[in-house]
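Below is one structure, written out as structure tokens; comments come after it.
These values consider heavy atoms only, across backbone and side chains, with no hydrogens, waters or symmetry-generated copies.
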Amino acid sequence: PAEQAAAVPSGRNVRWPRASAALWRRPWARATLLLTPALAWFVLIYLAALVVLLITAFWRINAFTTNIERVWNLGNFTLIFENSAYRDIVLRTVGMAAGVTVVDAIIAFPFAYYMARLAGRRMRTILYVAILLPLWASYLAKVYAWLLIFTHDGLLNWTLGKAGVGPVNLIYTNWAVFIVFCYVWLPFMIIPVYAALERIPPSQIEASQDLGARTWRTLRLVILPLALPGLVAGSIFTFSLTLGDFITPILIGGVGSNFMGNVIEQSVGIAGNVPFAAAMALIPVAIMAAYLLGARALGAFRAL
């Protein structure tokens with residue numbers, strides 16, 4: 001009897017195989033079990049924060065006590081769109097983000113194409129490491145390095161002086177901010193474009209050439225449409241990161257370089273006007289939402 005009792009499995013030993021079999025027969029249950037913790041965290045932390053941001057943007061701050069008054073109004077948005085200074089800041093930020101995205105795409109595409117289609121395995125590894133190495137460095141370290149390059153007695157003017165060319169005053173200008181943005185966000189464009197180009201079947205390029213299409217026609221009609229998802233993914237990174245950055249404009253652009261991120265940071269840290277900062281922060285959120293909807297309507301996400 002003792003041996004027979006030992007041979008009979010306990011309730012715990014039977015319960016787990018049954019649960020595993022039930023999950024195996026129901027794929028939706030497995031997906032729900034795996035995604036529920038991540039979705040709960042996403043909803044509670046990210047979406048809840050956006051909801052609070054949206055609500056706060058419709059409140060106002062008392063000019064005398066600097067306390068937040070929970071009175072619903074559109075005063076913060078009216079100030080942003082009716083004040084020419086804030087309108088210029090919004091347009092300047094969007095223009096900077098668009099310019100950085102275009103320049104990074106122009107630089108990243110041939111670089112990624114060489115990595116994906118032409119470079120050997122060893123060269124591809126070297127280039128991939130060269131792209132990832134800047135991401136391992138501190139963001140502030142990279143910005144301060146460019147500050148040392150652009151300063152009046154920095155490496156750039158020293159090199160130009162050795163070459164017999166006059167010094168250039170790039171420091172504390174929007175051009176310097178633009179160059180640093182292009183450098184800092186370039187890896188975020190190269191990596192998705194490289195991944196998209198690597199997935200293009202060589203047979204499609206060979207078929208285009210067999211049908212008589214020249215290099216530029218193949219590039220325009222075959223390679224670019226297939227690489228569009230990677231370009232869109234990279235542009236999402238470069239565009240959104242530029243919209244919200246305030247550290248580079250402060251360190252490289254100086255006090256005269258004002259972008260939306262600077263206004264938000266100053267409204268919270270200096271003025272203490274959290275409702276106005278929330279209203280300003282909703283503008284890049286709305287811009288990115290419109291951009292994503294436009295990219296989805298154009299079919300850029302179908303191949304992702």
Side-chain angles (χ1 to χ4, degrees), residues 32 35-98 100-101 139-140 143 174 177 181 184-185 188 235-297 301:
T32 303
L35 295 177
T36 296
L39 288 177
W41 180 266
F42 178 79
V43 171
L44 292 176
I45 302 300
Y46 186 75
L47 293 183
L50 285 180
V51 171
V52 172
L53 181 72
L54 176 63
I55 295 174
T56 308
F58 293 94
W59 293 343
R60 68 187 183 188
I61 190 170
N62 191 295
F64 297 98
T65 63
T66 67
N67 293 326
I68 297 177
E69 296 180 348
R70 295 171 176 81
V71 179
W72 295 91
N73 67 96
L74 297 174
N76 296 318
F77 297 99
T78 302
L79 178 61
I80 292 174
F81 292 106
E82 289 186 355
N83 191 308
S84 60
Y86 289 125
R87 287 202 310 268
D88 292 341
I89 290 173
V90 172
L91 294 176
R92 184 184 306 119
T93 306
V94 174
M96 176 70 72
V100 169
T101 300
Y139 176 84
L140 286 176
V143 174
N174 287 335
V177 175
F181 273 147
V184 172
W185 308 138
F188 295 93
S235 67
I236 292 172
F237 286 112
T238 57
F239 194 83
S240 61
L241 292 172
T242 305
L243 280 180
D245 194 290
F246 67 93
I247 296 176
T248 296
I250 290 177
L251 297 179
I252 303 297
V255 294
S257 183
N258 289 322
F259 295 89
M260 284 192 290
N262 302 96
V263 174
I264 296 170
E265 187 268 338
Q266 294 167 6
S267 298
V268 176
I270 298 177
N273 194 344
V274 177
F276 181 78
M280 181 65 75
L282 284 178
I283 295 179
V285 173
I287 292 173
M288 287 307 304
Y291 178 80
L292 293 175
L293 290 175
R296 183 172 180 265
F301 297 151

[X] (side chain) donor-acceptor with [Y] (main chain) under 3.5 angstrom:
X: Thr238; Y: Ser235; result: yes
X: Thr56; Y: Ala278; result: no
X: Asn73; Y: Phe58; result: yes
X: Asn76; Y: Trp59; result: yes
X: Arg92; Y: Asn258; result: yes

For [X] against [Y], the heavy-atom pair lying closest together:
X: Phe239; Y: Val94; answer: CE1-O, 4.1 Å
X: Asp245; Y: Ile247; answer: OD1-N, 3.0 Å
X: Met260; Y: Leu243; answer: CE-CD2, 3.8 Å
X: Ala57; Y: Leu282; answer: CB-CD1, 3.6 Å
X: Glu82; Y: Arg87; answer: O-NH1, 3.2 Å
X: Ile252; Y: Val143; answer: CD1-O, 3.6 Å

| Residue pair Ile61 / Val274, side-chain heavy-atom distance below 4.5 Å |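 Side-chain contact under 4.5 Å: no.
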
| Relative to the ring of Phe188, is the ring of Phe237 parallel (under 30°), tilted (30 to 60°) or perpendicular (over 60°)? | tilted

| said: Parallel, tilted or perpendicular, judged at 30° and 60°: which one describes the rings of Trp185 and Tyr139? | reply: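 The arrangement is parallel - the two ring planes meet at less than 30°.
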
Working to the nearest 0.5 angstrom, can you tell me the gap between [X] [atom1] and [Y] [atom2]?
X: Ile264; Y: Asn273; atom1: CD1; atom2: CG; value: 12.0 Å
X: Leu241; Y: Thr248; atom1: CG; atom2: OG1; value: 10.5 Å
X: Gln266; Y: Phe246; atom1: CD; atom2: CZ; value: 10.0 Å
X: Thr93; Y: Asp88; atom1: OG1; atom2: CG; value: 10.5 Å
X: Leu79; Y: Tyr86; atom1: CG; atom2: OH; value: 5.5 Å
X: Ile55; Y: Arg70; atom1: CD1; atom2: CZ; value: 10.5 Å

| said: If you count heavy atoms of other groups shown closer than 6.0 angstrom to CZ of Phe77, is the number above 12? | reply: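 It does: Phe77 CZ has more than 12 such atoms within range.
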
| said: Other residues, nucleotides and ligands only: do more than 12 of their heavy atoms fall within 6.0 Å of CH2 on Trp72? | reply: yes

| Side-chain donor-acceptor pair present, Ser257, Asn174, cut-off under 3.5 Å | yes

